[in-house]
Amino acid sequence: MKKVLCFMLVIMTVLSLSGCGKDTGETSDAKQAAIYYGVSSYALFTEDKAIVDELASFYNTLKVRKTLKKLDLFTAFCVFVGDKRFWIDEFGVIWLDGETTCYVKRSGSMDWDRINEIYLGSKSDLSAEPVGE
């Protein structure tokens with residue numbers, strides 16, 4: 001009996017330390033993507049295949065675990081790729097598919113800095129276009 005209790009205690013400890021996880025592990029044939037940032041009025045809309053595929057890859061390779069941290073809406077990107085949606089803030093807190101359960105990345109290629117680079121790059125592309133011509 002003592003061995004069974006010890007075994008159950010070990011199992012419960014391992015499960016509590018590993019956290020409840022979620023594996024998106026999905027594929028996407030998305031053709032469009034949109035990125036919104038915090039409370040900014042600017043949003044990126046794109047059909048650029050390389051960008052859409054990269055954002056879809058962020059979602060599809062993501063493995064997460066629950067966290068007690070809260071998503072910072074002022075630094076969060078909301079990304080729509082096809083019919084999938086995720087939020088990620090600069091601290092790595094993630095919401096998936098419209099849920100407000102907070103996760104952090106266990107593994108995968110999702111990267112707030114890269115999303116920021118894509119978003120800011122699209123804004124600089126706009127400023128390079130001649131106005132009024």
Side-chain angles (χ1 to χ4, degrees):
M1 184 68 170
K2 210 175 205 185
K3 288 182 182 181
V4 172
L5 289 174
C6 287
F7 180 73
M8 289 179 64
L9 181 61
V10 168
I11 295 296
M12 288 173 47
T13 303
V14 168
L15 289 175
S16 69
L17 291 176
S18 66
C20 296
K22 185 171 183 173
D23 177 5
T24 59
E26 298 181 24
T27 58
S28 173
D29 58 350
K31 306 222 182 319
Q32 299 174 331
I35 301 175
Y36 301 85
Y37 178 69
V39 294
S40 172
S41 61
Y42 173 76
L44 160 69
F45 297 95
T46 187
E47 292 181 348
D48 180 312
K49 182 165 176 37
I51 291 175
V52 172
D53 288 349
E54 184 176 7
L55 294 171
S57 169
F58 286 171
Y59 183 91
N60 295 334
T61 63
L62 185 64
K63 292 184 185 342
V64 295
R65 65 177 173 81
K66 285 185 180 179
T67 183
L68 295 176
K69 296 178 184 178
K70 299 296 178 197
L71 186 89
D72 178 9
L73 291 172
F74 292 99
T75 67
F77 285 105
C78 178
V79 180
F80 289 83
V81 183
D83 63 343
K84 302 300 177 198
R85 174 176 45 165
F86 63 87
W87 292 73
I88 182 169
D89 71 13
E90 70 177 331
F91 307 106
V93 178
I94 299 166
W95 286 351
L96 295 172
D97 295 320
E99 297 178 10
T100 56
T101 303
C102 293
Y103 299 101
V104 291
K105 178 174 77 172
R106 278 188 330 189
S107 66
S109 59
M110 187 174 291
D111 182 11
W112 184 92
D113 290 321
R114 176 62 183 135
I115 296 170
N116 187 43
E117 184 180 307
I118 293 167
Y119 181 82
L120 293 177
S122 71
K123 287 176 82 171
S124 66
D125 289 347
L126 284 177
S127 64
E129 293 177 13
V131 178
E133 291 185 29

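FYI, side chains are in, hydrogens and waters are out, and symmetry mates aren't considered; it's all heavy atoms of this structure.
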For this session: Decide yes or no on side chain to side chain contact (heavy atoms under 4.5 Å, CB included) for Y59 and L96, but give the supporting numbers first.
Result: CA-CA 9 Å; Y59 183 91; L96 295 172; 4.1 Å; yes

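- For the atom pair CH2 of W95 and OG1 of T100, the computed distance is 6.0 Å after rounding to the nearest 0.5 Å.
- The side chain to side chain contact (heavy atoms under 4.5 Å, CB included) test with V79 singles out one residue from I115, L44, I118, and that residue is I115.
- A distance of 11.0 Å separates CH2 in W112 from OH in Y119, rounded to the nearest 0.5 Å.
- The shortest non-hydrogen separation linking R85 to G98 is NH2-CA, 3.1 Å.
- In this structure, OG in S107 is found 7.5 Å from CG in L62, a value given to the nearest 0.5 Å.
- Aromatic ring pairs are classed by plane angle as parallel below 30°, tilted from 30° to 60° and perpendicular above 60°; the pair F77 and Y37 is tilted.
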Problem set entry | Chi angles and distances behind the side chain to side chain contact (heavy atoms under 4.5 Å, CB included) call for V52, T46 | CA-CA 7 Å; V52 172; T46 187; 4.2 Å; yes

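- Closest approach of K70 to D89, counting heavy atoms only: O-OD2, 3.8 Å.
- One finds the CZ atom of F80 at 12.5 Å from the CG atom of L55 (value rounded to the nearest 0.5 Å).
- Within the 4.5 Å cutoff, side-chain heavy atoms of Y42 are placed close to those of K123.
- A distance of 11.5 Å separates CD1 of I88 from CD1 of I35, quoted to the nearest 0.5 Å.
- If you chain together hydrophobic residues whose side chains sit under 4.5 Å apart, W87 and I51 never meet in one group.
- Smallest separation of non-hydrogen atoms from L71 and V93: CD1-O, 3.1 Å.
- Listed here is the closest heavy atom pair of G82 and A30: N-CB, 3.5 Å.
- Residue K105 holds its NZ atom at 8.5 Å from CZ of F58, rounded to the nearest 0.5 Å.
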